[in-house]
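Scope of the values below: all heavy atoms of this structure, side chains included, with no hydrogens, waters or symmetry mates. Note that the structure is a prediction, hence the values are computed from the model and not measured. Numbering of residues begins at 1 and proceeds along the displayed sequence.
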Amino acid sequence: MDLITMSGRELQRIEVLSEVVAKKRTERSAAAVLGISTRQTRRLLTAYRDSGGAALIHKARGRASNNHLIAGVREYAMAIVRSKYADFGPTLASEMLLEKDELKVSRETLRKWMIEEGLWLSRRQRRSFHQPRLRRERYGELIQIDGSEHRWFEQRGEPCTLLVFIDDATSQLMQLSFVPSESTDTYFEALRGYLERHGCPVAFYSDKHTVFRVNRPDAKGGSGMTQFGRALAELNIEIMCANSSQAKGRVERANRTLQDRLVKELRLAGACDMESGNALLPGFLDRFNKRFAIPAASAENLHRKLNVPSSRLNDILCHREQRYVGAQLTFHYGRRQIILNRSELSEELAGKYVEVYDFSDRPLEVRWKGHSLPYRVFDKEQRVNQSAIVENKRLGHALAIVKAQQDITRPTKVMTNSQKGGYKKRGRKVYGPDYYEKSLPAQAAVEMPV
């Protein structure tokens, strides 16, 4: 006796049609239960009466699909993929099979084959899991810093960046500041506010932005340390960079919360620029910490008092670089030529290095062993500037600066050689039949004595 395998739907049809045959149910009721039309119910009922339950089995069961590939296509396709397209994705591999090998296999079919053969991992299999990291136990031990570029003022103002400092142990916001973009100068200003308010923490935790880390190990210039890193080293504060955004997830999640709550509070307050936004941040920061900050596991505060005078702090939080002084007492800095004024001190500096202090709020200073050297600047006018490297986070701010410069700069007027020599164009003289020379006005006759 042969066994017949039936699906649950087919078994339900047998049960319902048996009730119709036994006159326990009407055809219309059976159609409603089976979810088919009354006409289809009559067809199934006729087949069931003639051939029994076997007539309700789908006729395509056990037969190959009309669109199935012939035997051997899978083996041939996978042999080509292993030899030529082993590191290709299913979509690209399907395109290459059709273009290069004239073998048409659908993308999803090839994806299924590659997964079964171990040549491709599904999205679920490619997921990476990050081990959770426990909070630091003491307040001020680790401060996570990051910049969040967002349209904070919605359509009322231009997009900008919010610098966020958050304590790892308590999730307390330590410093907030609206700036045009992430740069060394903006981080210097935010760091100054942090130090004056809280003191010096043990370490900062950031991403691999070029403000914090020299990403080129083969960089020829510099000491392998950024200006921000040099300033932290002088303040005896450590800087560490996370290998992934999940590693500094506390500040990332805080950014997401701020992009919801802070945007709405700025809207209610009517703030539309960075100046008004920064004025509202202290009050928002206090309310946010009361709502979300938690106590640290240890009551110890690891912040150290800032024992640096204001003048010394200004010299730390600025760009400082060394430049070689040539025989003519000149050196280059920022596409400008700096010429030292001649004096007894400066004349001895040929062949030596001086230190350049580039402040954000005051003119450049040139120093040597603590002595400030007077200088003058010779700015070379360049027709073509070297292509600048601009990161994605600073692109909007950089384009705004370029646009402002283009609006101010006037087009260069090119002079011809004749104009350089002082030639002035005169009106053209035409001599024709009607030409007459203009005579000078007649003067009165003067009687001469004989």
Side-chain angles (χ1 to χ4, degrees), residues 161 163 177 179-193 195-196 209-212 214 219-235 274 308-391 394 397-406 408-409:
T161 300
L163 300 185
S177 178
V179 296
S181 64
E182 285 188 86
S183 65
T184 303
D185 290 333
T186 56
Y187 270 106
F188 275 157
E189 291 300 320
L191 178 61
R192 180 191 298 274
L195 297 176
E196 293 175 350
H209 196 280
T210 52
V211 172
F212 315 110
V214 179
K220 297 181 180 179
S223 59
M225 183 182 294
T226 64
Q227 293 290 330
F228 191 80
R230 186 263 313 155
L232 292 182
E234 294 186 16
L235 294 169
M274 291 188 294
V308 177
S310 179
S311 59
R312 173 60 180 160
L313 186 61
N314 292 334
D315 293 344
I316 293 175
L317 301 180
C318 69
H319 290 263
R320 279 167 41 190
E321 295 186 15
Q322 290 186 340
R323 286 293 186 270
Y324 178 81
V325 181
Q328 297 179 348
L329 300 183
T330 62
F331 61 89
H332 290 82
Y333 181 82
R335 291 190 299 181
R336 293 175 295 176
Q337 187 178 25
I338 310 297
I339 305 174
L340 299 179
N341 295 341
R342 290 191 174 274
S343 63
E344 294 181 0
L345 181 61
S346 63
E347 288 180 353
E348 300 177 357
L349 298 180
K352 298 181 180 179
Y353 284 89
V354 295
E355 198 164 14
V356 180
Y357 287 72
D358 191 358
F359 301 97
S360 61
D361 56 348
R362 63 185 186 191
L364 196 76
E365 289 190 16
V366 181
R367 299 181 186 178
W368 184 74
K369 293 186 177 180
H371 298 281
S372 181
L373 303 174
Y375 65 90
R376 63 183 186 272
V377 179
F378 178 73
D379 195 353
K380 295 182 177 180
E381 184 179 1
Q382 298 182 356
R383 287 174 176 249
V384 180
N385 295 330
Q386 184 180 2
S387 299
I389 300 175
V390 181
E391 295 184 348
R394 298 187 62 248
H397 184 221
L399 288 175
I401 294 177
V402 172
K403 181 64 170 59
Q405 292 176 349
Q406 289 177 347
I408 296 174
T409 304

R362 and D315 have their tightest heavy-atom pair at NH2-OD1, 3.9 Å
Test log, rule side chain to side chain contact (heavy atoms under 4.5 Å, CB included), inputs L191 and L232: CA-CA 10 Å; L191 178 61; L232 292 182; 3.7 Å; yes
All heavy atoms of L364 vs all of I338, minimum pair found to be CD2-CD1, 4.3 Å
Separation between NE2 (H319) and OG (S360), nearest 0.5 Å, reads 8.0 Å
Check whether any side-chain heavy atom of M225 lies under 4.5 Å from a side-chain heavy atom of V214, and answer yes or no. no
May I ask you to test the T184-T226 pair for a side-chain heavy-atom distance under 4.5 Å? no
(request) Could you tell me whether the side chain of L195 reaches within less than 4.5 Å of the side chain of L235, counting heavy atoms only? (result) yes
Is there a donor in the side chain of Y333 and an acceptor in the side chain of E321, or the other way round, less than 3.5 Å apart? no
Please indicate whether E347 has more than 12 foreign heavy atoms, meaning atoms of other residues, nucleotides or ligands, lying under 6.0 Å from its CD. yes
Answer yes or no: is there an ion pair linking R320 with E365, defined by an N-O contact shorter than 4.0 Å? no
N341 and Y375 have their tightest heavy-atom pair at ND2-N, 3.7 Å
Taken to the nearest 0.5 Å, the spacing of E355 CD from S372 OG works out to 12.0 Å
Taken to the nearest 0.5 Å, the spacing of L349 CG from L340 CG works out to 6.5 Å
Minimal heavy-atom distance between Y357 and C318, with the atoms involved, is CD2-SG, 3.9 Å
* Going through the distances and angles, do F331 and V366 end up as a side chain to side chain contact (heavy atoms under 4.5 Å, CB included)? -> CA-CA 11 Å; F331 61 89; V366 181; 3.8 Å; yes
When S183, S177, S181 are each screened for side-chain contact (heavy atoms from CB on, under 4.5 Å) with V179, the one that passes is S177
Minimal heavy-atom distance between L313 and R192, with the atoms involved, is CD2-NH1, 3.9 Å
Rounded to the nearest 0.5 angstrom, the CG-CZ distance for L317 and F228 is 8.5 Å
| request: Evaluate the side chain to side chain contact (heavy atoms under 4.5 Å, CB included) criterion for residues L373 and W368: first the C-alpha distance (whole Å), next the side-chain angles of each, then the deciding distance (0.1 Å), finally the verdict. | output: CA-CA 7 Å; L373 303 174; W368 184 74; 4.1 Å; yes
Between the CG atom in L329 and the NZ atom in K352, the distance rounded to the nearest 0.5 Å is 11.5 Å
On a heavy-atom basis, the closest approach of Y187 and F212 is CZ-CZ, 3.4 Å
Taken to the nearest 0.5 Å, the spacing of I339 CD1 from R376 CZ works out to 4.5 Å
Side-chain heavy-atom pair L163, E182 within 4.5 angstrom cut-off | yes
- Message: As a quick check of understanding, evaluate side chain to side chain contact (heavy atoms under 4.5 Å, CB included) for E234 and R230, giving each step before the final call.
- Response: CA-CA 6 Å; E234 294 186 16; R230 186 263 313 155; 3.1 Å; yes
